[in-house]
Amino acid sequence: MAFITRQNIRSLSSSAALRAAIKHVTVIGGGLMGAGIAQVAASTGHSVVLVDTSEDILKKATKGIEASLKRVVKKKFAEKPEDGEAFVQKVLKNISTSTDAASVVQGTDLVVEAIVENLKVKQDLFGALDKAAPQHTIFTSNTSSLPIADIASSTARLDRFGGLHFFNPVPMMKLVEVIKAPATSQQTFDVLLEFSKALGKHPVSCKDTPGFIVNRLLVPYMLEAVRLHERGHGSKEDIDVAMKLGAGYPMGPFELLDYVGLDTSKFIIDGWHEKDPDNPLFAPSPLLNKLVAEGKLGKKTGEGFYKHK
Ligand SMILES: CCCCCCC[C@H](O)CC(=O)SCCNC(=O)CCNC(=O)[C@H](O)C(C)(C)COP(=O)([O-])OP(=O)([O-])OC[C@H]1O[C@@H](n2cnc3c(N)ncnc32)[C@H](O)[C@@H]1OP(=O)([O-])[O-]
Ligand SMILES: NC(=O)c1ccc[n+]([C@@H]2O[C@H](COP(=O)([O-])OP(=O)(O)OC[C@H]3O[C@@H](n4cnc5c(N)ncnc54)[C@H](O)[C@@H]3O)[C@@H](O)[C@H]2O)c1
């Protein structure tokens with residue numbers, strides 16, 4: 001049992017206060033990532049509004065969340081399936097949906113943005129939200145590759161703007177990269193660390209540098225795999241098996257590219273190539289570009305490097 005001292009009473013109450021700061025969460029973008037973030041926030045007792053551009057997308061997102069919750073409870077409540085079903089219903093009740101971001105942020109403590117990986121689109125969104133959200137609301141982006149400071153520059157709340165980079169699939173992946181941009185206040189950063197813990201995740205602190213930690217290492221590796229295949233030095237199947245059995249990765253690089261989405265992968269590579277055109281690590285891949293041009297975006301469209309049922 002922990003020995004209670006004045007000091008740890010103080011730190012307990014301050015971490016409780018930081019946690020209490022976030023009750024209502026608005027997740028913008030109901031795609032792969034936004035749906036997962038909404039699910040996890042709702043599962044940990046937060047009241048969540050999920051926003052996207054159409055009711056159809058939101059219906060699909062809600063169906064996906066329900067299916068994912070059922071997979072979670074199948075394991076978690078294996079002994080008592082009826083408790084599992086009650087949990088699913090309780091979590092779904094914590095989530096509402098909207099196509100009007102500006103009106104729903106009026107009652108929110110935290111915005112987590114997970115829309116398309118495009119700086120201008122993200123800036124336009126946050127510029128509009130900045131006028132509608134209360135002063136205390138913290139804004140965050142789940143961007144994979146864009147500087148948080150650039151996204152935040154369309155707002156007047158630089159101290160209340162940080163990064164929360166989740167990993168796909170959000171319900172399974174334990175890591176959250178919490179990004180402190182130069183103007184992010186220590187209090188905002190502390191609230192975001194505590195929020196990540198409240199979600200049951202393991203946060204790591206990151207500077208606002210390209211790709212933070214994981215993607216700065218992962219993107220060059222995945223691109224090297226594609227180049228190795230483009231040179232004819234290995235089939236995608238063999239490369240995937242090699243990295244799973246030889247390096248212990250749960251998915252090979254081509255499986256993971258299909259899982260992440262080839263459109264998102266291309267946005268990341270093109271953005272970094274534009275900023276650093278002489279860096280061979282970020283050189284575009286003709287094969288990836290061809291697949292994206294053909295609309296083969298990976299698992300989400302049924303075909304990418306592989307065909308998916
Ligand atoms: C070139 C540029 C590219 C850069 C990309 C950067 C992108 C980004 O910024 C960063 C990332 O996210 S990087 C990406 C980072 N991500 C990675 O690196 C991911 C690497 N992959 C993995 O860690 C594992 O393969 C998985 C955990 C995905 C699946 O586990 P598995 O053992 O291989 O196989 P399984 O049999 O399928 O599933 C087993 C069980 O897991 C559970 N479950 C799974 N999905 C679920 C969901 N959505 N909901 C709920 N539950 C889910 C479920 O219980 C299921 O059992 P069921 O009986 O079937 O229901
Ligand atoms: N796919 C991944 O593995 C992954 C992992 C970590 C981070 N990310 C980042 O998360 C973000 C979202 O990626 P994703 O894979 O979920 O993309 P996605 O294409 O699956 O979903 C994006 C969603 O945003 C919606 N959207 C676009 N513009 C909008 C707007 N102005 N307002 C409201 N909704 C809007 C789209 O309709 C779509 O449903 C990107 O910044 C991406 O880089 C992706």
Side-chain angles (χ1 to χ4, degrees), residues 26-40 43 50-54 56-58 60-61 64-76 78 97-102 104 111-126 128-129 141-146 151 163-177 211-227 243-244 249-272 281-282 284-285 288 297-301:
T26 300
V27 179
I28 311 203
L32 279 177
M33 296 304 291
I37 296 164
Q39 175 183 330
V40 171
S43 299
L50 181 61
V51 178
D52 209 300
T53 49
S54 79
D56 277 355
I57 298 175
L58 288 167
K60 195 174 155 220
I65 291 172
E66 187 170 358
S68 172
L69 280 169
K70 287 190 167 152
R71 293 174 81 179
V72 172
V73 298
K74 203 171 74 188
K75 287 216 171 109
K76 207 169 155 192
T97 59
S98 172
T99 53
D100 183 1
V104 297
V111 172
V112 185
E113 168 273 311
I115 66 170
V116 61
E117 187 72 347
N118 177 296
L119 180 60
K120 171 85 172 58
V121 180
K122 288 188 195 282
Q123 284 174 333
D124 287 350
L125 172 74
F126 278 117
L129 296 186
S141 174
N142 181 51
T143 179
S144 299
S145 64
L146 300 166
I151 303 172
L164 278 180
H165 185 220
F166 291 84
F167 292 81
N168 184 20
V170 183
M172 301 301 295
M173 302 296 286
K174 284 282 173 211
L175 186 71
V176 179
E177 292 181 323
F212 317 122
I213 297 174
V214 172
N215 284 347
R216 183 59 184 81
L217 300 174
L218 190 64
V219 172
Y221 149 70
M222 298 207 348
L223 275 168
E224 271 306 291
V226 179
R227 281 193 268 273
M243 293 313 291
K244 285 189 285 188
Y249 285 37
M251 287 178 175
F254 293 94
E255 289 170 335
L256 189 55
L257 279 158
D258 272 7
Y259 197 68
V260 162
L262 303 192
D263 49 347
T264 301
S265 302
K266 181 170 157 55
F267 285 133
I268 297 169
I269 297 158
D270 289 352
W272 286 0
L281 291 177
F282 310 140
S285 146
L288 182 79
L297 307 183
K299 202 165 172 250
K300 62 181 158 188
T301 57

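In listed order, ligands and their atoms are each counted from 1.
- Taking atom 19 (O) of ligand 2 as the reference point, the nearest protein heavy-atom neighbour is Lys300 NZ, 3.4 Å.
- The side-chain hydrogen bond (donor to acceptor under 3.5 Å, both in side chains) test with Ser145 singles out one residue from His165, Glu117, Arg216, and that residue is Glu117.
- Not a single protein heavy atom sits closer than 4.0 Å to atom 32 (O) of ligand 1.
- With hydrogens left out, the protein atom closest to atom 10 (O) of ligand 2 is Asn142 ND2, 3.0 Å, a heavy atom.
- Residue contacts with ligand 2: Val260 is placed with a nitrogen or oxygen under 3.5 Å of a nitrogen or oxygen of the ligand (distance criterion only).
- Close approach to His165 involves these atoms of ligand 2, each under 4.0 Å from a residue heavy atom: 6 (C), 7 (C).
- Per-atom contact check: atom 56 (O) of ligand 1 touches the protein, criterion being a heavy-atom distance below 4.0 Å.
- Only the side chain of Asn215 comes within 4.0 Å of ligand 1, judged by heavy-atom distances.
- Of all protein heavy atoms, the one lying nearest to atom 20 (O) of ligand 2 is Leu32 N, 3.0 Å.
- The ligand atoms of ligand 2 that sit less than 4.0 angstrom from a heavy atom of Ile57 are 37 (O), 39 (O).
- Neither the backbone nor the side chain of Leu69 comes within 4.0 Å of ligand 1, counting heavy atoms alone.
- Closest to atom 21 (O) of ligand 2, if we only count protein heavy atoms, is Gly31 CA, 3.3 Å.
- Within the set Arg71, Met172, Met251, the minimum heavy-atom distance to atom 59 (O) of ligand 1 is found for Arg71.
- The protein non-hydrogen atom at the shortest distance from atom 58 (O) of ligand 1 is Lys74 NZ, 3.1 Å.
- Close approach of ligand 2 to Lys122 (heavy-atom distance below 4.0 Å) involves ligand atoms 40 (C), 41 (O).
- Looking at atom 24 (C) of ligand 1, its nearest protein heavy atom turns out to be Pro250 CB, 4.0 Å.
- Backbone and side-chain nitrogen or oxygen atoms of Ser144 are examined, and one is located within less than 3.5 angstrom of a nitrogen or oxygen of ligand 2.
- Nearest protein heavy-atom contact of atom 41 (O) of ligand 2 is Glu117 OE1, 2.5 Å.
- The shortest N or O to N or O distance between Ile115 and ligand 2 is under 3.5 Å.
- The protein atom (non-hydrogen) at minimum distance from atom 7 (C) of ligand 1 is Val260 CG1, 3.9 Å.
- Contact annotation for atom 12 (O) of ligand 1: protein present (non-hydrogen atoms, distance under 4.0 Å).
- Distances below 4.0 Å separate heavy atoms of Val72 from the following atoms of ligand 1: 50 (C).
- Side-chain contact between Val40 and Phe166 is absent, with no heavy atoms from C-beta onward closer than 4.5 Å.
- Under a 4.0 Å heavy-atom criterion, His165 is in contact with ligand 1.
- Taking the side chain as every heavy atom from C-beta outward, Phe267 and Leu119 never approach each other to under 4.5 Å.
- Between Glu224 and Pro220 the shortest side-chain heavy-atom distance does not fall below 4.5 Å.
- Ligand-side atoms of ligand 1 in range of Leu218: 13 (S), range being under 4.0 angstrom from any heavy atom.
- Annotation: atom 4 (C) of ligand 1 to nearest protein heavy atom, Val219 CG2, 3.7 Å.
- The residues Asp56 and Lys60 are annotated as not salt-bridged, no charged nitrogen and carboxylate oxygen being separated by less than 4.0 angstrom.
- Under a 3.5 Å cut-off, the side chain of Asp52 and the backbone N or O of Ile57 do not form any donor-acceptor pair.
- Scanning all protein heavy atoms for the shortest distance to atom 3 (C) of ligand 1 gives Met222 CE, 3.4 Å.
- Among protein heavy atoms, atom 18 (O) of ligand 1 sits closest to Leu256 CD1, 3.6 Å.
- With a 4.0 Å heavy-atom cut-off, ligand 1 is reached by the backbone of Asn168 and by its side chain too.
- Looking at Val214 against ligand 1, nothing comes within 4.0 Å, counting heavy atoms.
- For Asp124, no heavy-atom contact with ligand 2 is shorter than 4.0 Å.
- The closest protein non-hydrogen atom to atom 54 (O) of ligand 1 is Lys75 NZ, 2.9 Å.
- Put simply, no part of Leu288 is less than 4.0 Å from ligand 1, judged by heavy atoms.
- Looking at ligand 2, you won't find any N or O of Val116 less than 3.5 Å from one of its N or O atoms.
- In this structure, the side chains of Leu281 and Trp272 stay at 4.5 Å or more apart for every pair of heavy atoms.
- Contact annotation: for Tyr259 versus ligand 2, there are no heavy atoms closer than 4.0 Å.
- In this structure, Leu129 and Glu113 have side chains that are not in contact, with every pair of non-hydrogen atoms separated by 4.5 Å or more.
- Looking at Val121 next to ligand 2, no N or O pair under 3.5 Å apart turns up.
- When hydrogens are left out, the protein atom nearest atom 33 (C) of ligand 2 is Ile28 CG2, 3.7 Å; that is the closest non-hydrogen contact.
- Using a 4.0 Å threshold on non-hydrogen atoms, atom 35 (P) of ligand 1 does not count as touching the protein.
- Distances shorter than 4.0 angstrom occur between a heavy atom of Ala114 and an atom of ligand 2.
- Within the set Asn215, Val214, Thr143, Asp52, the minimum heavy-atom distance to atom 39 (O) of ligand 2 is found for Asp52.
- Of the listed options Ser144, Ser265, Ala225, Ser144 places a heavy atom closest to atom 9 (O) of ligand 1.
- For atom 44 (C) of ligand 2, the closest heavy atom belonging to the protein is Met33 CG, 3.4 Å.
- The side chain of Pro169, and not its backbone, has at least one atom closer than 4.0 Å to an atom of ligand 1 (non-hydrogen atoms only; side chain from C-beta on).
- Side-chain contact between Gln39 and Leu69: present, with at least one pair of heavy atoms (C-beta onward) separated by less than 4.5 Å.
- The ligand atoms of ligand 2 that sit less than 4.0 angstrom from a heavy atom of Thr264 are 15 (O), 42 (C), 43 (O).
- Numbered from 1 in the order shown, with element, the atoms of ligand 1 that lie under 4.0 Å from a heavy atom of Leu257 read 1 (C).
- Nearest protein heavy-atom contact of atom 6 (C) of ligand 2 is Phe166 O, 3.2 Å.
- For ligand 1, the atoms sitting less than 4.0 Å from at least one non-hydrogen atom of Phe167 are 10 (C), 11 (C), 12 (O), numbered in the order shown with element in parentheses.
- For atom 50 (C) of ligand 1, the closest non-hydrogen atom on the protein side is Ser68 OG, 3.2 Å.
- For atom 48 (N) of ligand 1, a protein heavy-atom neighbour is present inside the 4.0 Å cut-off.
- Counting heavy atoms from C-beta on, the side chains of Leu50 and Ile65 come closer than 4.5 Å.
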